[in-house]
2 protein chains.
Amino acid sequence: MLDQKDYATLLNDALRRNETIVISCNCNIRYSGRAESLLKDGDRLVIIKADNALMVHQPTGNNPVNYMKPNTSHNMVIENEKLLLKSRNLALKENMDITINRIHFFNSQKLIDGKSIVISGTESDMANMLYENPEMIEKGFKPVSQEEQTKYGFIDVLGVDSSGMLTVIECKRYCADLGAVTQLRRYVERLMVSKGITKVRGIIAAPKITPNAFKMLSDWGYTFVSIKPPKYLEDFNKKQSRLDNF
Amino acid sequence: MLDQKDYATLLNDALRRNETIVISCNCNIRYSGRAESLLKDGDRLVIIKADNALMVHQPTGNNPVNYMKPNTSHNMVIENEKLLLKSRNLALKENMDITINRIHFFNSQKLIDGKSIVISGTESDMANMLYENPEMIEKGFKPVSQEEQTKYGFIDVLGVDSSGMLTVIECKRYCADLGAVTQLRRYVERLMVSKGITKVRGIIAAPKITPNAFKMLSDWGYTFVSIKPPKYLEDFNKKQSRLDNF
DNA sequence: ACACCAAGCAGCAAT
DNA sequence: ATTGCTGTTTGGTGT
């Protein structure tokens with residue numbers, strides 16, 4: 001059975017070696033920085049990674065209840081006969097104190113992982129699809145640029161319609177909301193000013209749009225085109241149909 | 001030394017008991033759902049919580065590289081002589097397969113935590129502060145409602161200035177950006193329509209504002225007031241001064 | 001470094 | 001369930 005001093009030594013050594021540390025414990029937590037927070041006694045998982053990022057997880061929920069960003073310094077001390085993990089990030093002016101009542105288990109070890117995740121089906125993939133297949137927007141639409149992130153905002157697809165009118169397309173992977181419409185409006189207005197023209201078309205390309213957003217869109221003379229993002233659920237549906245056959 | 005079948009049994013039993021499970025392993029991951037993702041072999045921490053949420057953490061970074069939401073079903077099987085954790089969420093049409101090459105360590109146990117975190121220093125706290133101390137906006141400003149979430153959008157603070165003009169205040173905890181200005185503009189326009197009046201003032205209350213956002217704000221005749229969110233860094237500064245004294 | 005924006009955003013409240 | 005919006009948002013890209 002390890003005592004408090006053993007745990008303090010274990011943890012501080014593991015930190016020095018940049019190991020990945022997992023502590024299951026009963027603790028309370030105080031955070032101060034961009035906001036202030038307090039969390040009373042309970043069982044949690046405390047994880048410290050090789051880059052000195054720290055996360056505290058309660059037994060339910062996807063997100064950490066408390067965390068510190070990478071490059072935080074951590075130090076385990078004994079204070080008032082309890083283990084106290086002091087985490088300090090001077091650069092971000094954040095600090096956290098975890099007072100540990102009891103350790104359920106402790107593990108630390110070097111993890112090696114050089115791989116990066118590859119994701120597809122993002123909004124950018126959707127813009128690519130429309131650029132490659134402009135007829136999905138409407139007949140005669142010709143894209144002139146894609147992911148124009150510099151001059152007039154971050155326009156997903158910019159093009160010219162069959163009548164030669166400049167057209168801005170804003171893509172959304174999901175249901176377009178009010179924010180999407182105001183975003184589109186901003187791009188259209190900027191383009192009108194910078195090009196010195198009085199009419200620019202605006203199109204929202206998304207699988208669907210909320211009623212309020214559609215009303216605002218129509219009020220401003222913009223249009224909506226229903227487009228599904230590429231690869232969306234494709235793999236799942238393939239798998240499902242295979243399961244169904246079985 | 002446990003073999004694959006032992007681990008499969010261990011995990012499936014732990015899942016049945018709704019324990020919190022931590023697996024350190026070398027694995028690769030395939031996800032399909034709202035997007036598609038692929039992550040090749042590497043060392044990671046896999047966590048499954050009592051509510052059947054799952055997270056996969058690489059050895060660096062705050063965020064999980066892959067995850068499944070609560071209420072996902074998990075099942076460990078042996079396939080092609082390897083451990084395979086199949087996670088399925090039929091309701092969300094998401095699935096994940098984690099192929100495990102080697103388990104470094106495994107732990108599971110019941111965690112008990114009934115406490116909720118208490119946070120202060122949020123945007124809502126900022127709105128409260130302005131409601132209680134309207135002179136922080138300007139002399140003669142009188143708030144009439146706070147967090148008006150129903151009638152005209154989600155206005156942080158609504159009030160009347162010294163000349164009796166209706167005024168919308170949009171709070172931001174940090175630097176206000178273009179999105180904050182378009183948000184404010186939406187509220188002002190909605191109010192003008194719904195109240196049938198031609199002039200409504202708009203104010204952004206934030207510690208600072210980006211140049212572009214300030215230009216757009218001015219162009220639209222709105223104003224900026226520099227306000228810091230309450231309690232921001234207060235506790236840290238207190239601590240720091242104590243440390244400095246020491 | 002700052003500005004701007006997407007995210008498998010998440011989580012929350014109100015409709 | 002959908003809509004709208006905050007977040008200790010995070011993370012990426014371009015200027």
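Throughout, protein chains are lettered first and strands after them, A, B, ... in sequence-line order, and every chain is numbered starting at 1.
Out of dG8(C), dT8(D), dG11(D), the shortest distance to the side chain of Met96(A) is found at dT8(D). Among dA3(C), dT6(D), dC5(C), the nucleotide with an atom closest to any side-chain atom of Lys172(B) is dT6(D). Here dT8(D) is the nucleotide among dT8(D), dG7(D), dC4(C) with the atom lying nearest to any side-chain atom of Tyr174(B). When each of dC5(C), dG8(C), dC5(D) is scored by its nearest atom to the side-chain atoms of Glu94(B), the top-ranked nucleotide is dG8(C). Nearest nucleotide to the side chain of Arg34(A), out of dG8(C), dT9(D), dG4(D): dT9(D). Minimum atom distance to the side chain of Asp177(B) is reached by dC4(C), of the listed dC4(C), dT6(D), dT8(D).
When the P atom is compared between dC4(C) and dG8(C), the two are found 23 Å apart, to the nearest whole Å. Rounded to whole Å, the C1' atom of dC5(C) lies 12 Å from the corresponding atom of dC9(C). The same atom, C1', is picked in dG11(D) and in dG7(D); the two are 14 Å apart, to the nearest Å. Straight-line distance between the C1' atoms of dT6(D) and dT10(D): roughly 14 Å, to the nearest whole Å.
Between the CG atom of Asp51(A) and the C1' atom of dT10(D) there is a distance of 14 Å, given to the nearest Å. Following rounding to the nearest Å, Ile117(B) (CD1) and dC12(C) (P) show an atom-to-atom distance of 11 Å.
For dT9(D), the OP1/OP2 oxygens have a side-chain nitrogen or oxygen of Arg173(B) closer than 4.0 Å. An OP1 or OP2 oxygen of dC5(D) is reached within less than 4.0 angstrom by a side-chain nitrogen or oxygen of Tyr187(B).
Checking each of Leu84(A), Asn28(A), Leu83(A) against Ile100(A) for a side chain to side chain contact (heavy atoms under 4.5 Å, CB included) leaves exactly one that passes, namely Leu83(A).
For dG7(D), its base never sits under 3.5 Å from the side chain of Glu123(B) at any donor and acceptor pair.
Applying the side-chain contact (heavy atoms from CB on, under 4.5 Å) test to Pro64(A) and every residue at least two apart in sequence or in another chain returns Met55(A), His57(A), Tyr67(A). Residues that satisfy the side-chain contact (heavy atoms from CB on, under 4.5 Å) test with Asn63(B), not counting sequence neighbours, are absent from this structure.
Note on residues 208-222 of chain B: pairs passing salt bridge (charged side-chain N to carboxylate O under 4.0 Å, His left out), not counting sequence neighbours, are Lys215(B)-Asp219(B).
Remark: DNA chain C takes part in the stems C:1-7 with D:9-15, C:9-15 with D:1-7, each of 3 or more antiparallel Watson-Crick or G-U pairs, criterion distances under 3.5 Å.
Contacts of residues 203-213 of chain B with DNA chain C (heavy atom under 4.0 Å): Thr210(B), Pro211(B), Asn212(B). For residues 64-71 of chain A, proximity to DNA chain D is found at Val65(A), Asn66(A), Tyr67(A), Lys69(A), defined as any non-hydrogen atom under 4.0 angstrom from a strand atom.
Looking at Asp41(A) and Lys115(B), no side-chain N of the basic residue comes within less than 4.0 Å of a carboxylate O on the acidic one, giving no salt bridge.
Nucleic acid contact for Thr122(A): sugar-phosphate only, since backbone atoms but no base atoms lie under 4.0 Å from a heavy atom of the residue.
Heavy-atom nearest nucleotides on DNA chain D were determined for Ser37(A) and for Cys175(A), and the one closer to the 5' end corresponds to Cys175(A).
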